[in-house]
Amino acid sequence: MDSKQWMELSEKVVAYTYGRFPILLVRGKGTRVWDMDGKEYLDFLAGLAVCNLGHCHPKVVKAIQDQAEKLIHVSNFYYIENQIQLASLLCQHSFAGKVFFCNSGAEANEGAIKLARKYAKEKMEGDRFEIITMERSFHGRTLATLTATAQEKYHKGYAPLVPGLKYVPFNDTDAVRKAIDSKTCAVMIEPIQGEGGVNIASAGYLKALRETCNEKGILLIFDEVQVGMGRTGRLFAYEHYGIEPDLLTLAKSLAGGVPIGALLMKKEVGEAFKPGDHASTFGGNPLATAAGVAALTALLEEGMLENCQKIGNYFLNKLEVLQRNFSFIQEVRGKGLILGMELKREGATIVKEMMDKGFLINCTMGNVLRFLPPLIVTKEEVDQLIGALEEVFKKL
Ligand SMILES: Cc1ncc(COP(=O)(O)O)c(C=O)c1O
């Protein structure tokens with residue numbers, strides 16, 4: 001079958017939950033992917049912040065191959081060596097004392113919501129179960145994480161939603177302070193909102209949130225599903241802010257492309273989970289955590305964080321130059337290699353034209369071009385992308 005026939009079959013048999021571009025990708029290496037018709041693309045989307053190490057990183061491939069021959073899956077009734085190793089590495093490099101593994105970002109956030117409520121029942125006075133989240137946030141598509149996602153467009157058709165979630169504007173400390181009451185058990189936030197349009201929390205804001213949560217005796221949860229694992233130039237985004245959350249969620253790039261999710265917890269908060277309180281059949285299985293250990297080790301050992309900072313700054317400067325030359329660019333912003341360009345017009349046609357030119361980029365919120373290349377991207381590749389963007393912009 002050729003690519004067109006595969007796409008036609010997809011329309012018939014695959015659930016219609018995604019609006020797809022008409023390309024079928026079959027191979028990837030580093031910053032590049034190829035479609036079934038042999039066309040090459042420079043990938044500035046990286047599977048939506050999943051392939052931070054680039055496609056098919058050799059150490060991840062080798063770890064998967066070796067593990068697949070030994071043991072793919074066993075139940076969490078038993079101890080799992082790679083799971084223990086990955087949890088140890090995550091604890092060693094973060095604030096966390098314990099880790100729960102699952103399979104996706106939504107599942108990690110679902111775990112965070114459950115743990116916050118469980119901890120509140122055990123350790124907080126009164127009946128605290130409410131969680132405050134931020135407007136334009138994105139936390140996932142399960143019913144609880146969908147409700148935590150404070151964007152109405154994702155709620156449509158799914159009422160009744162989960163009770164106990166409350167929304168306030170992003171980057172507004174007073175709004176959070178006003179929203180906290182005798183029912184509140186936690187505040188949940190992405191340090192940089194990805195789907196919401198690459199919105200960066202100010203340093204003062206996150207510090208104030210930490211202080212407020214301490215003062216009120218409630219938990220602070222960071223969703224780093226998109227911005228964790230080096231995306232901002234530090235292993236975790238919270239490291240830029242000089243504070244620590246109580247709970248932090250990860251997924252996407254944690255295992256170099258193999259599905260995984262993780263809930264990192266301060267030891268004493270994590271202790272609210274007892275055997276039987278929470279579980280996931282595949283969570284932290286031998287294959288996924290073998291890939292996770294290889295991916296995290298490569299991320300730390302191969303200079304990717306440094307490259308992310310260096311190329312991120314270079315890239316942001318280049319986007320600022322474009323902004324000076326094209327009046328329809330409202331703002332450019334970002335940290336490391338999560339960069340956004342807010343337009344005064346919609347961005348879908350630009351994404352399509354860039355794809356035709358061999359560049360994968362994304363547009364979120366209708367008018368924010370988002371760039372999420374692998375952290376190994378080079379200056380030359382950024383120059384190529386900027387050149388192509390300039391050509392597309394000139395024709396608008
Ligand atoms: C910040 C954030 N949280 C949670 C999710 C949901 O992750 P998943 O699609 O793996 O469930 C996403 C996905 O884009 C995300 O960006």
Side-chain angles (χ1 to χ4, degrees), residues 15 17-20 44-52 100-116 131-151 153-155 158 162 165 167 170-171 186-201 206 220-232 236-238 240 245 247-264 280 282-285 288 291-292 295 334-340 360-365 368 370-372:
T17 57
Y18 304 98
R20 297 183 198 261
F44 277 70
L45 180 62
L48 248 173
V50 168
C51 306
N52 286 9
F100 173 82
F101 289 104
C102 51
N103 306 286
S104 68
E107 202 186 344
N109 286 331
E110 190 83 28
I113 292 168
K114 283 178 70 178
L115 180 58
I131 296 174
I132 296 171
T133 68
M134 307 302 150
E135 288 171 10
R136 290 185 292 171
S137 57
F138 187 85
H139 297 297
R141 303 287 198 142
T142 62
L143 209 48
T145 59
L146 177 79
T147 312
T149 295
Q151 296 194 56
K153 67 182 180 202
Y154 295 112
H155 297 170
Y158 296 113
V162 172
L165 286 135
Y167 315 130
F170 188 68
N171 262 336
V187 174
M188 181 165 172
I189 183 168
E190 297 154 84
I192 297 176
Q193 294 182 327
E195 302 307 301
V198 190
N199 309 311
I200 303 167
L206 288 190
L220 181 59
I221 306 170
F222 279 3
D223 176 345
E224 295 213 15
V225 166
Q226 187 159 149
V227 297
M229 308 317 295
R231 175 61 49 196
T232 64
F236 302 108
Y238 76 80
H240 293 281
L247 299 175
L248 179 143
T249 55
L250 295 172
K252 291 199 186 270
S253 160
L254 176 56
V258 176
I260 194 168
L263 169 59
L264 277 58
S280 176
F282 286 119
N285 96 349
K335 222 183 212 15
L337 285 168
I338 173 166
L339 297 168
L360 301 183
I361 63 167
N362 165 256
C363 177
T364 189
M365 300 302 277
V368 183
R370 183 173 39 165
F371 307 97
L372 297 160

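All values derive from a computational prediction rather than experimental measurement. Just so you know, ligand 1 is whichever comes first in the structure, and atom 1 is the first atom listed for that ligand.
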Which residue owns the protein heavy atom closest to [atom], what's the atom, and how far is it?
atom                    : answer
atom 2 (C) of ligand 1  : Phe138 O, 3.3 Å
atom 11 (O) of ligand 1 : Ala106 N, 2.8 Å
atom 8 (P) of ligand 1  : Gly105 N, 3.5 Å
atom 3 (N) of ligand 1  : Asp223 OD2, 2.7 Å
atom 16 (O) of ligand 1 : Gln226 NE2, 2.8 Å

Using a 4.0 Å cut-off to any heavy atom of [X], which atoms of ligand 1 qualify?
X      : answer
Glu195 : 14 (O)
Glu190 : 1 (C)
Ser104 : 10 (O), 11 (O)
Val225 : 2 (C), 3 (N), 4 (C), 5 (C), 7 (O), 12 (C), 15 (C)

Return the minimal non-hydrogen interatomic distance between [X] and [Y], and the atom names on each side.
X      : Y      : value
Gly197 : Met365 : N-CG, 3.8 Å
Ala251 : Gly105 : CB-N, 3.3 Å
Ala108 : Thr249 : O-CG2, 3.4 Å

Interatomic distance, OG1@Thr232 vs NE2@His240, rounded to 0.5 Å, equals 3.0 Å
Taking only residues two or more places apart in sequence or in another chain, which ones pass side-chain contact (heavy atoms from CB on, under 4.5 Å) with Leu146?
Leu143, Tyr154, His155, Tyr158, Leu161
Please work out whether any backbone atom (N, CA, C, O) or any side-chain heavy atom from C-beta onward of [X] is under 4.0 Å from ligand 1, and answer side chain, backbone, both or neither.
X      : answer
Asn109 : side chain
Glu107 : neither
His139 : backbone

Sequence neighbours left out, what passes salt bridge (Lys or Arg N to Asp or Glu O under 4.0 Å) with Glu195? Give chain and number order.
Arg370
Name of the residue among Glu135, Glu190, Gln193 meeting side chain to side chain donor-acceptor pair (under 3.5 Å) with Asn199
Gln193
Using non-hydrogen atoms of the residue, decide whether Lys252 is closer than 4.0 angstrom to ligand 1.
yes
Check the pair Leu372 / Gln226 against side-chain contact (heavy atoms from CB on, under 4.5 Å), numbers first and verdict last.
CA-CA 10 Å; Leu372 297 160; Gln226 187 159 149; 4.0 Å; yes
Checking side-chain contact (heavy atoms from CB on, under 4.5 Å) between Phe44 and each of Leu337, Ile361, Leu360, which is the one that passes?
Ile361
